[in-house]
K.L.:
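I have a structure I would like to understand better, so I am pasting it below and will then ask my questions one at a time.
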Amino acid sequence: MFRWKATAAALAIAALALTGCAGGDSGTGGGEQSGGTLTLGAIAAPTTLDPAGSEWGNRSPYYQAVFDTLLLATPEGTIEPWLATEYSYNDDNTVLTLTLRDDVTFSDGTKLTGAVVVKNLERFKAGTSPDAGYFSGVTSFEAPDDSTVVITLAAPDPAMLNYLTRDPGLVGAEASLDSPDVATTPVGSGPYMLDTAATVTGTSYTYTKNPDYWNPDVQHYDKLVINVYQDPTAALNAIKAGEANGVRLSTNDTLSEVEGAGWTVASNELDFQGMLLLDRAGTQTPALGDVRVRQALNYAFDRAGLKAALQNDLGSVTTQVFPATSDAYDPELDNYYTYDPAKAKELLAEAGYADGFTLSMPSSTLLGASTYTLISQQLADIGITAEYTEPGQNFIADLLAPKFSASFMALEQNPDWQLIQFMIAPNAVFNPYKYEDPKVDEYIKQIQFGDEATQKSVAKELNKYIVEQAWFAPFYRVQGSFAVDANTTVEMVPTNAYPAIYDIQPK
């Protein structure tokens with residue numbers, strides 16, 4: 001599936017507590033260690049194994065096998081200690097202090113220290129990762145001693161703890177970071193070590209158990225193999241042939257066959273699909289500057305029908321972009337706009353567009369021709385003509401240029417602060433017209449500088465306001481599926497496409 005990822009998924013502001021406490025070695029799974037080999041299927045290969053160029057989402061298992069993160073995101077939706085045993089903010093939430101474990105050794109025999117962590121954090125900020133911008137508000141990384149790291153921010157960032165559970169929080173051994181082989185020969189403190197001799201770059205990655213790992217409770221296997229299945233048919237064939245234990249499914253079209261092979265499917269709802277109504281000031285398309293027109297577009301779509309036709313009726317209908325795991329989420333907003341073409345026509349007439357207008361949008365073959373046909377039909381029913389242009393590989397670039405006022409899109413549902421910075425704030429990536437609303441700006445300010453209770457309550461107010469103002473026209477949250485064989489269990493992290501390797505275990 002074509003999907004733009006903001007850096008990934010993350011946990012809700014509720015989990016972004018301003019203080020943390022000591023953790024211990026319990027890990028995420030515990031239980032008996034059974035050994036053997038875990039073979040996984042992924043839909044994308046890593047572009048590099050250098051932590052400074054790393055990504056998360058569907059590429060997270062390659063990094064999580066070798067490297068530890070400073071903090072850990074759990075299936076329960078919480079943030080827990082990992083390499084950092086304690087974490088706390090100062091009074092104005094601009095200085096984050098982390099206390100590191102003292103029993104961690106990298107696979108090259110060197111020790112984890114504050115200086116090593118700082119070097120990793122600085123490299124990530126200056127690196128090639130698409131998520132390097134997560135640290136744009138950081139003014140300094142410091143290590144007062146071997147067991148302490150201090151991150152200083154120009155202003156509060158309610159998502160910083162979550163960032164440290166993902167690629168920005170990966171920590172590699174110091175010597176390896178300066179090696180010319182850093183992109184292909186990673187050295188970390190993680191549960192496994194890459195076997196470069198048995199690895200075929202871009203196709204199959206083999207890892208062996210780290211004998212000196214600090215948390216053996218989460219080493220459920222002696223060997224880990226991750227095979228790349230970019231073709232859904234190849235993934236299905238591997239499942240039917242018993243050539244894997246767990247596979248990330250890129251489509252839900254084959255679920256019946258997967259389950260028929262005796263496999264179990266775990267799922268989450270990470271992405272939403274729907275319309276981005278970007279030109280809310282009417283700069284390029286004057287009609288979109290009228291909230292009644294944007295509301296009319298929301299009433300135009302039969303979301304339940306689209307979900308049945310395009311998603312095999314899997315997922316959940318919604319009219320909000322915030323995920324169910326976030327504090328901003330309000331279940332009543334999932335059905336704020338009903339399917340009501342008559343209401344849509346009435347609103348268009350009130351706005352002066354009784355005869356409709358033409359809406360120019362990009363299209364992509366990766367999102368399916370039938371998607372655009374159905375959208376065109378439903379817009380035509382209220383008098384709006386959809387005019388498509390196929391930008392090819394420039395789909396995202398042209399959308400963000402911005403060359404189009406609106407677009408059908410599949411986007412990751414981030415938790416509150418990350419979603420705000422990704423889709424709503426004046427400088428957000430998916431606010432290419434830099435649209436501002438004084439009320440929204442005030443909500444954002446309250447969330448950034450407020451205490452946890454304020455963040456939660458104001459996030460809900462912000463969510464309701466942008467739904468009422470029809471900033472977007474979501475259709476549904478998409479079911480993301482991960483299949484495991486009869487000998488394997490898995491727990492999904494609620495806001496990442498791929499489960500943590502710690503949470504995939506033998507029965």
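In this chain, residues are counted from 1 in sequence order.
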K.L.:
Do any N or O atoms from the side chain of D416 and from the backbone of S326 form a donor-acceptor pair under 3.5 angstrom?
P.N.:
no
K.L.:
Please give me the minimum heavy-atom distance between P211 and M193, naming the atom from each residue.
P.N.:
CD-CE, 3.8 Å
K.L.:
Decide yes or no for F408 and F475: does some side-chain heavy atom of the first lie under 4.5 Å from some side-chain heavy atom of the second?
P.N.:
yes
K.L.:
To the nearest 0.5 Å, how far apart are CG in D334 and OG1 in T318?
P.N.:
3.5 Å
K.L.:
Is atom NZ of K464 surrounded by more than 12 heavy atoms (other residues, nucleotides or ligands) closer than 6.0 Å?
P.N.:
no
K.L.:
Verify side chain to side chain contact (heavy atoms under 4.5 Å, CB included) between L314 and L255, making sure each step is shown before the conclusion.
P.N.:
CA-CA 11 Å; L314 299 170; L255 286 189; 3.3 Å; yes
K.L.:
Does a sphere of radius 6.0 Å around NZ in K125 hold more than 12 heavy atoms from other residues, nucleotides or ligands, not counting ones at 6.0 Å or beyond?
P.N.:
yes
K.L.:
Distance alone, cut at 3.5 Å: any donor-acceptor contact between the side chains of S107 and N210?
P.N.:
no
K.L.:
Please round to the nearest 0.5 Å and tell me the distance separating atom OG of S179 and atom CG of D108.
P.N.:
11.0 Å
K.L.:
Indicate the atoms forming the closest heavy-atom contact of S407 with L399, along with that distance.
P.N.:
CB-CD1, 3.5 Å
K.L.:
Would you say the side chain of T489 lies within less than 4.5 Å of the side chain of V484, judging by non-hydrogen atoms?
P.N.:
no
K.L.:
Mind checking whether E55 and Y62 have side chains closer than 4.5 Å, heavy atoms only?
P.N.:
no
K.L.:
Just grab all the side-chain hydrogen bond (donor to acceptor under 3.5 Å, both in side chains) pairs involving residues 181-196, residues at least two apart or on different chains.
P.N.:
D68-S189
K.L.:
Roughly how far, to the nearest 0.5 Å, is the CG atom of N245 from the CD1 atom of I239?
P.N.:
11.0 Å
K.L.:
Quick one, W82 and L164 - any side-chain contact, counting heavy atoms below 4.5 Å?
P.N.:
no
K.L.:
Would you say N431's side chain and A425's backbone share a donor-acceptor pair under 3.5 angstrom?
P.N.:
yes
K.L.:
Quick check: does any side chain N or O of N252 sit under 3.5 Å from a backbone N or O of Q311, one acting as donor and the other as acceptor?
P.N.:
no
K.L.:
Any chance you could lay out the side chain to side chain contact (heavy atoms under 4.5 Å, CB included) test for T488 and I504, step after step, and finish with the verdict?
P.N.:
CA-CA 7 Å; T488 310; I504 305 171; 3.7 Å; yes
K.L.:
Do T78 and E80 meet the criterion of a side-chain donor-acceptor pair at a distance under 3.5 Å?
P.N.:
yes
K.L.:
Quick one: does any side-chain atom of T373 pair with a main-chain N or O of A369 as donor and acceptor, under 3.5 Å?
P.N.:
yes
K.L.:
State, without any angle test, whether S481 and Q479 hold a side-chain donor-acceptor pair at a distance under 3.5 Å.
P.N.:
yes
K.L.:
Going by distance alone, is a donor N or O of one side chain under 3.5 Å from an acceptor N or O of the other, for Y502 and D217?
P.N.:
no
K.L.:
Return the minimal non-hydrogen interatomic distance between L270 and A497, and the atom names on each side.
P.N.:
CD2-N, 3.4 Å
K.L.:
Between T110 and E174, do the side chains contain an N or O donor and an N or O acceptor separated by less than 3.5 Å?
P.N.:
no
K.L.:
Are N162 and Q418 linked by a side-chain donor-acceptor pair shorter than 3.5 Å?
P.N.:
yes
K.L.:
Donor-acceptor pair, distance only, cut-off 3.5 Å: does the side chain of Y213 make one with the backbone of Q219?
P.N.:
no
K.L.:
Search all heavy atoms of S54 against all heavy atoms of P130 and return the closest pair with its distance.
P.N.:
O-CD, 3.9 Å
K.L.:
Looking at CG of L112 and CZ of R101, how far apart are the two atoms once the value is rounded to the nearest 0.5 Å?
P.N.:
9.5 Å
K.L.:
Between T251 and D253, do the side chains contain a donor N or O and an acceptor N or O under 3.5 Å apart?
P.N.:
yes
K.L.:
Any heavy-atom pair between the side chains of T128 and T47 that's under 4.5 Å?
P.N.:
no
K.L.:
Determine whether a donor-acceptor pair (N or O, by modelled atom type, separation under 3.5 Å) exists between the side chain of S147 and the backbone of T99.
P.N.:
no
K.L.:
Judged by atom type as modelled, is there a donor-acceptor pair below 3.5 Å linking the side chain of R303 to the main-chain atoms of P474?
P.N.:
yes
K.L.:
Measure from the side-chain N and O atoms of S204 to the backbone N and O of N227, and report whether any donor-acceptor pair falls under 3.5 Å.
P.N.:
no
K.L.:
Could you give the distance from CD (E243) to OG1 (T39), rounded to the nearest 0.5 Å?
P.N.:
9.5 Å
K.L.:
Are F135 and F141 close enough that their ring centers fall under 6.0 Å?
P.N.:
yes
K.L.:
Test side chain to side chain contact (heavy atoms under 4.5 Å, CB included) on L71 and L161; report intermediate values, then the result.
P.N.:
CA-CA 7 Å; L71 300 174; L161 294 180; 3.8 Å; yes
K.L.:
Charged N to carboxylate O below 4.0 Å: is that the case for R59 and D167?
P.N.:
no
K.L.:
Quick one: which of Y63, W56, F482 gives a ring-ring contact (aromatic ring centres under 6.0 Å, His included) with Y498?
P.N.:
F482
K.L.:
If I compare all heavy atoms of I375 with all of M275, which pair ends up nearest, and what's the gap?
P.N.:
CD1-SD, 4.2 Å
K.L.:
Determine, stepwise, if the pair I501 / Y207 fulfils side chain to side chain contact (heavy atoms under 4.5 Å, CB included).
P.N.:
CA-CA 12 Å; I501 60 169; Y207 303 82; over 6 Å; no
K.L.:
Please answer whether the main-chain N or O of S364 pairs with a side-chain N or O of Y372 as donor and acceptor at a distance below 3.5 Å.
P.N.:
yes
K.L.:
Measure the spacing between CG of L419 and CD1 of I466 and express it to the nearest 0.5 Å.
P.N.:
7.0 Å
K.L.:
Please report the shortest heavy-atom distance between A52 and R123, naming the atom on each side.
P.N.:
CB-NH1, 3.4 Å
K.L.:
With a 4.5 Å cut-off on side-chain heavy atoms, are W417 and M160 touching?
P.N.:
no
K.L.:
For a 4.5 angstrom cut-off between non-hydrogen side-chain atoms, does D157 reach Q421?
P.N.:
no
K.L.:
If we only count heavy atoms from C-beta on, is the W263 to D485 side-chain gap below 4.5 Å?
P.N.:
yes
K.L.:
Would you find a donor on one side and an acceptor on the other, under 3.5 Å apart, between the side chain of E412 and the backbone of N414?
P.N.:
no
